[in-house]
Amino acid sequence: MARHLVTSALPYINGIKHLGNMVGSMLPADVYSRYLRQRGHDVLYICATDEHGTPAELAAKAAGLPVAEFCAQAHDAQRAVYDGFQLAFDHFGRSSSPQNAEITQHFARRLRQNGFIEERAIRQVYSPADGRFLPDRYVEGTCPHCGYDKARGDQCENCTRVLDPTDLLSPRSAISGSTELEVRETTHLFLLQSKLQHEVEAWVAAHEAEWPQLSSSIARKWLTEGLHDRAITRDLDWGVRVPADTWPELAADGKVFYVWFDAPIEYIGATKEWSDAAPSGEHRDWRSWWYEAEDTVHYTQFMAKDNVPFHTVMFPATELGVREPWKKVDVVKGFNWLTYYGGKFSTSQRRGIFTDAALETLPADYWRYFLIANAPESDDSSFTWEHFAATVNKDLADTLGNFVNRVLSFSRKRFGDDVPAGSQAGEAEARLGEECARLLTEYEEHMDALQYRKAAAALRALWSAGNSYLEGKAPWLEIKTDPEGAALTLRTAMNLIHLYAIVSEPLIPAAAAAMRGAFVVEGDTANWVTAEQAASLNAVPAGTPFTVPPVLFAKISEEDLESFRARFGGADA
């Protein structure tokens, strides 16, 4: 089987993330990683908190903490939420790690040796009130492109255009709010992306056929507009230091690398963290995943569309310029926005549902399923409480949860605590098996293609097939005239539950574990189900002990909806 490297966009350290962030990066990466593992592939899923740059310093200042202490606490808080969502990272690292600093400095030295980094004197915003230069996000103002009045000096949150602080209209200090700003000269390192334009174009052309249209169109837009040389250092106290052995004057000035230079390198750094954290006696070879791995590793990245340019153009330019055989991404799965009643989720404005609050409200599987089934792939998706409740009630509570409960409860009531035998399978069971095999194949095809909404629809159809079979056979009536036939129906339905447990695990791992745990099947170690096995529906033989698990999914009532809207806001949010 292939080796699969999976990464998702690194969540910023400045607070708990919202559901839009979850569905645009970490959750689909987790679903894909789980699926690949079940199919027998060697998988490494790497993520980390992005801890450098102005967001970290500003958030630490607001919290009244030293930035290092703030980042350590925030990393733990984020990790606790991701554990709650059952995100099965192989390693969840930190971009402030020594490993990332080491590799980032190595990349910078190599780029300089190859003629792709140079020092340039530039004019930068300086705040006399703060007594310091103000890099990117320390400057706020009005976007010159769309007029958004809360744009930051690195990127406009509204139109996603990349900016320099000096581009902003009516700029102000994000530290003190002072508008009495000056522009002074200072020296920074620049990555000469313009010299790598043609190489990046050739690389994109060779890979974009495997990407979703969203990712390829964004990359092409940037390439058409032309790659510009960009500063990769900042005047900050927190970050990967410019190495003194290469740039002594800049190091003496306290320059650090720009967060968007070192953050993508953290994918490699976090893999080395994973390797260095190996238990005694276990060897983990991090370089085999990243160095000279072009033909041995398939690398898939997941991110929202605002991060796509950095991973399809800017980081590939960095890797190409290093002139070393570092692994480059094969597939960039980009996502559009998940909106909240048509408005954008916003960490900075605390608008929408945040992941910690989501877990306080309902278990993770409710959110995991809804977000994947409504993933913003071809266009933006809107979260509304009404849509969320309708999806949970119809798909999870009625179609899956009710099926499991009534099958197991009815069988226990009529036949006891073991799976009944009943008569031999007939035409109805053969048709059901064929339908299960077809839908399982469809589900696999969509998962392989990273088509999440279609994959969820195929899984839902597989659940619905069980309900259709049960309604057609009606064992509650069948038992009155043909007890052996009713026993067959229930045994078949129990095999469906076992099938559902295995193939639903990537989306709803907790419910899948409960379904699978309902049966005590000797030697039940299967990770996946082939189409032939799905068609046979005989993984759970007669006589197998079973239990009735607690209700998998509770319906969301109108009273619940009123409570949710009161807490989080509704249509007028």
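Reckoned from all heavy atoms, side chains included, excluding hydrogens, waters and symmetry mates.
Judged by distance alone, with hydrogens and angles left aside, the side-chain atoms of T7 form no donor-acceptor pair with the main-chain N or O of Y267 at under 3.5 Å. Panel note: side chain S95, backbone E51; a donor-acceptor pair is recorded below 3.5 Å. Between the side chain of E57 and the main chain of W238, a donor-acceptor pair closer than 3.5 Å is present. Between the Q99 side chain and the A270 main chain, no donor and acceptor come within less than 3.5 Å of each other. The closest donor-acceptor contact from the side chain of Q105 to the backbone of R241 lies under 3.5 Å. When atom types are taken as modelled, the side chain of D30 and the backbone of M26 share no donor-acceptor pair closer than 3.5 angstrom. Checking side-chain atoms of Q78 against main-chain N and O of T49 turns up no donor-acceptor pair under 3.5 Å. One N or O on the side chain of T339 and one on the backbone of S381 form a donor-acceptor pair closer than 3.5 Å. Between the side chain of N100 and the main chain of E266, a donor-acceptor pair closer than 3.5 Å is present. The closest donor-acceptor contact from the side chain of Q193 to the backbone of H228 lies under 3.5 Å.
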Test ring pair (Phe, Tyr, Trp, His ring centres under 6.0 Å) applied to F335 and W337, step by step: CA-CA 7 Å; F335 289 87; W337 302 127; over 10 Å; no
Candidate pair W203 and H207, rule ring pair (Phe, Tyr, Trp, His ring centres under 6.0 Å), full reasoning: CA-CA 6 Å; W203 179 80; H207 291 82; 4.8 Å; yes
Ring pair (Phe, Tyr, Trp, His ring centres under 6.0 Å) assessment of W289 paired with Y299: CA-CA 9 Å; W289 290 94; Y299 179 18; 10.0 Å; no
Intermediate values then yes/no, side chain to side chain contact (heavy atoms under 4.5 Å, CB included), F370 and H387: CA-CA 9 Å; F370 175 84; H387 185 203; 3.9 Å; yes
T355/Y82 under side chain to side chain donor-acceptor pair (under 3.5 Å): CA gap, chis, key distance, verdict: CA-CA 8 Å; T355 48; Y82 304 144; 5.8 Å; no
Derivation and outcome, side chain to side chain donor-acceptor pair (under 3.5 Å), residues S217 and K305: CA-CA 10 Å; S217 63; K305 59 186 176 184; over 6 Å; no
Candidate pair T361 and R567, rule side chain to side chain donor-acceptor pair (under 3.5 Å), full reasoning: CA-CA 10 Å; T361 306; R567 179 181 177 186; 3.2 Å; yes
F310 vs F315, ring pair (Phe, Tyr, Trp, His ring centres under 6.0 Å): CA-CA, chis, key distance, verdict: CA-CA 6 Å; F310 299 101; F315 186 50; over 10 Å; no
Test side chain to side chain contact (heavy atoms under 4.5 Å, CB included) applied to K221 and V313, step by step: CA-CA 10 Å; K221 179 177 182 293; V313 175; over 6 Å; no
Stepwise side chain to side chain donor-acceptor pair (under 3.5 Å) test for E273 and S97: CA-CA 8 Å; E273 293 173 49; S97 68; 3.0 Å; yes
Residues I103, K272; criterion side chain to side chain contact (heavy atoms under 4.5 Å, CB included); working and verdict: CA-CA 9 Å; I103 299 171; K272 190 172 189 301; 4.3 Å; yes
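Rounding to the nearest 0.5 Å gives a distance of 11.5 Å between SG of C156 and CG of D167. Taken to the nearest 0.5 Å, the CG atom of L10 stands 9.0 Å off from the CE atom of M303. Remark: R94 CZ to R79 CZ distance equals 13.0 Å, nearest 0.5 Å. With values rounded to the nearest 0.5 angstrom, D154 atom CG is found 7.5 Å from L163 atom CG. If you take NE2 on H52 and OG1 on T54, they are separated by 12.5 Å, rounding to the nearest 0.5 Å. Rounding to the nearest 0.5 angstrom, the gap separating the CD1 atom in I175 from the CG atom in L134 is 5.5 Å.
The 12-atom threshold is not exceeded at NZ of K454, counting heavy atoms of other residues, nucleotides or ligands nearer than 6.0 Å. A 6.0 Å sphere centred on CD of Q86 holds more than 12 heavy atoms belonging to other residues, nucleotides or ligands. For Q73, the CD atom counts as densely surrounded, since its 6.0 Å shell holds more than 12 non-hydrogen atoms of other residues, nucleotides or ligands. Other residues, nucleotides and ligands contribute only 12 or fewer heavy atoms inside 6.0 Å of the CD atom of E249.
For the residue pair S194 / D229, a side-chain donor-acceptor distance below 3.5 Å is found, with atom types taken as modelled.
Among residue pairs with one or both ends in residues 102-137, those qualifying as ring-ring contact (aromatic ring centres under 6.0 Å, His included) are F107-W326, Y126-F133; sequence neighbours excluded.
Between Y32 and Y35, the ring-plane angle classifies as parallel under the 30° and 60° cut-offs. Between F388 and W367, the angle of the ring planes stays under 30°, which puts this pair in the parallel group of the 30/60° scheme.
Between E377 and R453 no salt bridge is recorded (no basic side-chain N to carboxylate O distance below 4.0 Å). Between E386 and R565, at least one side-chain nitrogen of the basic residue sits less than 4.0 Å from a carboxylate oxygen of the acidic one, meeting the salt-bridge criterion. Salt-bridge formation is not detected for the pair D130/R132: no Lys NZ or Arg NE/NH1/NH2 atom is positioned less than 4.0 Å from an Asp or Glu carboxylate oxygen. Look at E324 and R109 and you find no salt bridge, because none of the NZ, NE, NH1 or NH2 atoms lies under 4.0 Å from a carboxylate O.
For the pair W247 and I117, the minimum side-chain heavy-atom distance is below 4.5 Å. At least one side-chain heavy atom of P212 sits under 4.5 Å from a side-chain heavy atom of K333. The closest side-chain heavy-atom distance from W274 to L44 is below 4.5 Å. Side-chain contact between P128 and E182 is present, with heavy atoms from C-beta onward closer than 4.5 Å. Inter-residue side-chain proximity for H91 and T271 is flagged as unmet; no heavy-atom pair is nearer than 4.5 Å. Between W385 and I556 the shortest side-chain heavy-atom distance does not fall below 4.5 Å. Within the 4.5 Å cutoff, no side-chain heavy atoms of W286 are placed close to those of I46. Counting heavy atoms from C-beta on, the side chains of P144 and R161 never come closer than 4.5 Å.
The minimum heavy-atom distance linking V139 with P171 is given by the pair CG1-CB, 3.9 Å. When all heavy atoms of H298 and D330 are compared, the closest pair comes out as CA-OD2, 3.4 Å. Residues S8 and Y45 come closest through the heavy atom pair OG-OH, 3.1 Å. Considering every non-hydrogen atom in both L168 and G141, the closest pair reads CD1-N, 3.7 Å.
No cation-pi contact links R234 to Y138, judged by a cut-off of 6.0 Å to the six-membered ring centre and 45° from its axis.
Shown are I232, V242, T233; of these, the side chain to side chain contact (heavy atoms under 4.5 Å, CB included) with H188 is made only by T233.
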